[in-house]
Q: 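One structure, as structure tokens, below. Some questions next.
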Amino acid sequence: MTDKARGKILEEALLAGSMEVDKGETASYIPELSRADKHDLGICIYTRDGEIYEAGDSQKRFTIQSISKVISLCVALQHCGFDKVFEKIRMEPSGDAFNSLLKLDMTSNYPYNPMINSGALTVVSYLMPIFSFKELLDYAGKLCLDPKIRLDERVYNSEMANSARNRAIAYLLQSKGIIECDVERSLELYVKMCSLSVTARSLAGFGLVLANGGIHPETGERLLDREVVRTVKTIMLTCGMYDGSGEFAVEVGIPSKSGVGGGILSVVDRKMGIGIYGPSLDKKGNSIGGKAMLKYVSEELNLHMFAWEP
Ligand code: GLU
């Protein structure tokens with residue numbers, strides 16, 4: 001396919017996404033996020049042969065939010081190992097909202113998976129004794145092929161001032177012996193990771209590293225082990241789009257992780273990374289325009305992981 005044809009598909013995807021944005025709302029439980037313009041929309045594709053295609057607000061900065069859970073999981077698997085990470089965190093979709101405490105307290109003593117808040121707070125508690133925030137920030141910059149990633153202090157402060165629910169989850173985890181280090185410092189590190197400012201292009205870069213089996217696409221440096229990447233992509237497919245993961249897997253068929261800042265990280269295995277920005281969210285917390293754009297692109301470029309190759 002020519003560059004022109006790919007560019008045209010992205011413009012059409014943007015149009016498909018823009019028809020949806022009025023049906024959603026920006027996240028409001030973190031006050032600073034509600035200030036985003038819900039009509040913003042951007043998409044970036046970064047292919048394995050080094051081409052970048054983008055449309056709309058693909059270089060606008062926004063906070064990574066839940067997508068940081070993928071970064072933390074990568075780092076934890078890489079440095080603490082699979083057995084430690086999954087000793088007290090399960091690998092199952094929860095079917096509940098990302099910040100729910102229900103099943104954690106009533107039916108399971110362990111977080112359902114590392115993509116919901118209870119699981120991610122646990123993962124970050126494993127990282128806290130070994131990594132400083134600065135080291136994790138540098139890691140994020142490397143994995144996203146974007147050295148400009150910074151902490152968005154306004155969003156960080158806004159979330160810390162409104163973190164009763166995450167604090168409750170973190171203390172519940174401590175009461176069950178799952179978080180064993182300082183709860184407040186783990187919470188702070190978790191919220192800092194959620195407050196990294198990225199672009200759709202940075203997410204496409206991260207998607208490409210994952211699509212490329214953990215190898216930096218330009219330098220050839222191995223950033224993550226193959227097994228780490230395989231685990232992370234599988235969990236993104238089953239648990240990455242909140243309690244809308246099943247429907248998204250059927251309709252779009254691309255392992256993805258979304259965040260309430262409006263970002264989506266998507267990995268088309270062995271082919272490309274896709275990054276999305278669109279802060280208008282559906283009821284489950286997924287970018288409403290972003291989902292429409294990914295569905296369009298998946299169909300037009302035949303990217304569904306179970307698509308029949310003609
Ligand atoms: N910082 C947000 C929280 O923990 C992230 C939620 C999300 O993006 O799903 O509530």
Side-chain angles (χ1 to χ4, degrees), residues 24-36 61-73 89 93-102 104 111-125 127-128 133 136 140 149 151-173 179 183-198 200 202-203 206 235-236 239-245 248 256-266 275-288 290-291:
E25 293 301 334
T26 56
S28 57
Y29 73 103
I30 300 173
E32 195 61 29
L33 294 184
S34 65
R35 293 157 54 110
R61 296 236 161 227
F62 59 95
T63 51
I64 190 166
Q65 297 301 333
S66 242
I67 303 166
S68 69
K69 291 167 175 148
V70 183
I71 296 178
S72 300
L73 179 61
I89 305 173
S94 73
D96 289 333
F98 61 94
N99 55 4
S100 173
L101 300 94
L102 273 182
L104 174 64
Y112 259 66
N113 67 69
M115 298 288 112
I116 55 175
N117 289 14
S118 54
L121 280 157
T122 306
V123 169
V124 169
S125 79
L127 297 178
M128 214 261 296
F133 171 64
L136 291 176
I149 293 180
L151 175 70
D152 183 327
E153 303 254 0
R154 288 163 76 113
V155 174
Y156 171 69
N157 290 328
S158 179
E159 181 163 0
M160 280 311 286
N162 292 276
S163 56
R165 198 172 177 89
N166 280 334
R167 186 168 271 115
I169 295 174
Y171 278 99
L172 184 60
L173 289 165
I179 289 190
V183 176
E184 290 296 326
R185 285 185 56 213
S186 292
L187 178 68
E188 275 166 30
L189 186 56
Y190 166 79
V191 176
K192 277 190 179 154
M193 292 301 288
C194 289
S195 307
L196 297 179
S197 75
V198 294
S202 353
L203 296 181
F206 186 20
I235 292 180
M236 284 170 66
C239 310
M241 300 295 283
Y242 305 116
D243 43 329
S245 298
F248 184 84
S256 297
K257 176 75 196 92
S258 65
V260 295
I264 305 179
L265 154 74
S266 297
I276 295 284
Y277 175 49
S280 180
L281 308 179
D282 67 13
K283 294 222 158 40
K284 298 192 163 153
N286 294 309
S287 169
I288 198 164
K291 270 175 49 187

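This chain uses plain numbering: 1 for the first residue, then up along the sequence. As the structure lists them, so they are numbered: ligands from 1, and atoms in each ligand from 1.
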Q: Below 4.0 angstrom from a heavy atom of Cys194, which ligand 1 atoms are there? Numbered from 1 as shown, please.
A: 1 (N)
Q: Output the distance between atom CD1 (Ile149) and atom CZ (Arg61), rounded to the nearest 0.5 Å.
A: 6.5 Å
Q: Nearest 0.5 Å, please: how far is OG in Ser245 from NZ in Lys257?
A: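 Rounded to the nearest 0.5 Å, the NZ-OG separation comes to 7.5 Å.
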Q: Answer side chain, backbone, both or neither: which part of Asn117 comes under 4.0 Å from ligand 1, heavy atoms only.
A: side chain
Q: Which residue and non-hydrogen atom of the protein lie closest to atom 6 (C) of ligand 1, and at what distance in Å?
A: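 The closest one turns out to be Tyr29 OH, 3.3 Å.
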Q: Regarding Lys284 and the six-membered ring of Tyr242, is the cationic atom NZ or CZ under 6.0 Å from the ring centre and inside 45° of its axis?
A: no
Q: I need the contact type for Val191 against ligand 1. Using non-hydrogen atoms and a strict under-4.0 Å cut-off, is it side chain, backbone, both or neither?
A: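 None of Val191 does.
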Q: Is it possible for you to check whether Lys291 lies under 6.0 Å from the centre of the six-membered ring of Phe248, through NZ or CZ, and within 45° of that ring's axis?
A: no
Q: Let's go through Ser256 and Ser266 carefully: what are the C-alpha distance in whole Å and the side-chain angles of both, what is the deciding distance for side-chain hydrogen bond (donor to acceptor under 3.5 Å, both in side chains) to 0.1 Å, and is it a yes or a no?
A: CA-CA 4 Å; Ser256 297; Ser266 297; 2.8 Å; yes
Q: Closer than 4.0 Å to some heavy atom of Gly259 - which atoms of ligand 1 meet that?
A: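 Every atom of ligand 1 under 4.0 Å from some heavy atom of Gly259: 8 (O).
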Q: Which pair of non-hydrogen atoms, one from Pro114 and one from Val123, has the smallest distance, and what is that distance?
A: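 Heavy atoms only, the tightest pair is CB-CG2, 4.1 Å.
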Q: Looking only at heavy atoms, which two atoms of Ser66 and Ser258 are closest? And how far apart?
A: CB-O, 3.3 Å
Q: Please compare Glu159, Gln65, Met115 and report which has the shortest non-hydrogen distance to atom 3 (C) of ligand 1.
A: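 Nearest option to atom 3 (C) of ligand 1, by heavy atoms: Glu159.
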Q: For atom 9 (O) of ligand 1, find the nearest protein heavy atom and state the residue, atom name and distance (0.1 Å precision).
A: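 Nearest neighbour among protein heavy atoms for atom 9 (O) of ligand 1, to 0.1 Å: Tyr242 OH, 2.4 Å.
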Q: Checking the N or O distance criterion of under 3.5 Å, is ligand 1 in contact with Val260?
A: yes
Q: Which heavy atom of the protein is the closest neighbour of atom 4 (O) of ligand 1, given with residue, atom name and distance?
A: Tyr190 OH, 2.7 Å
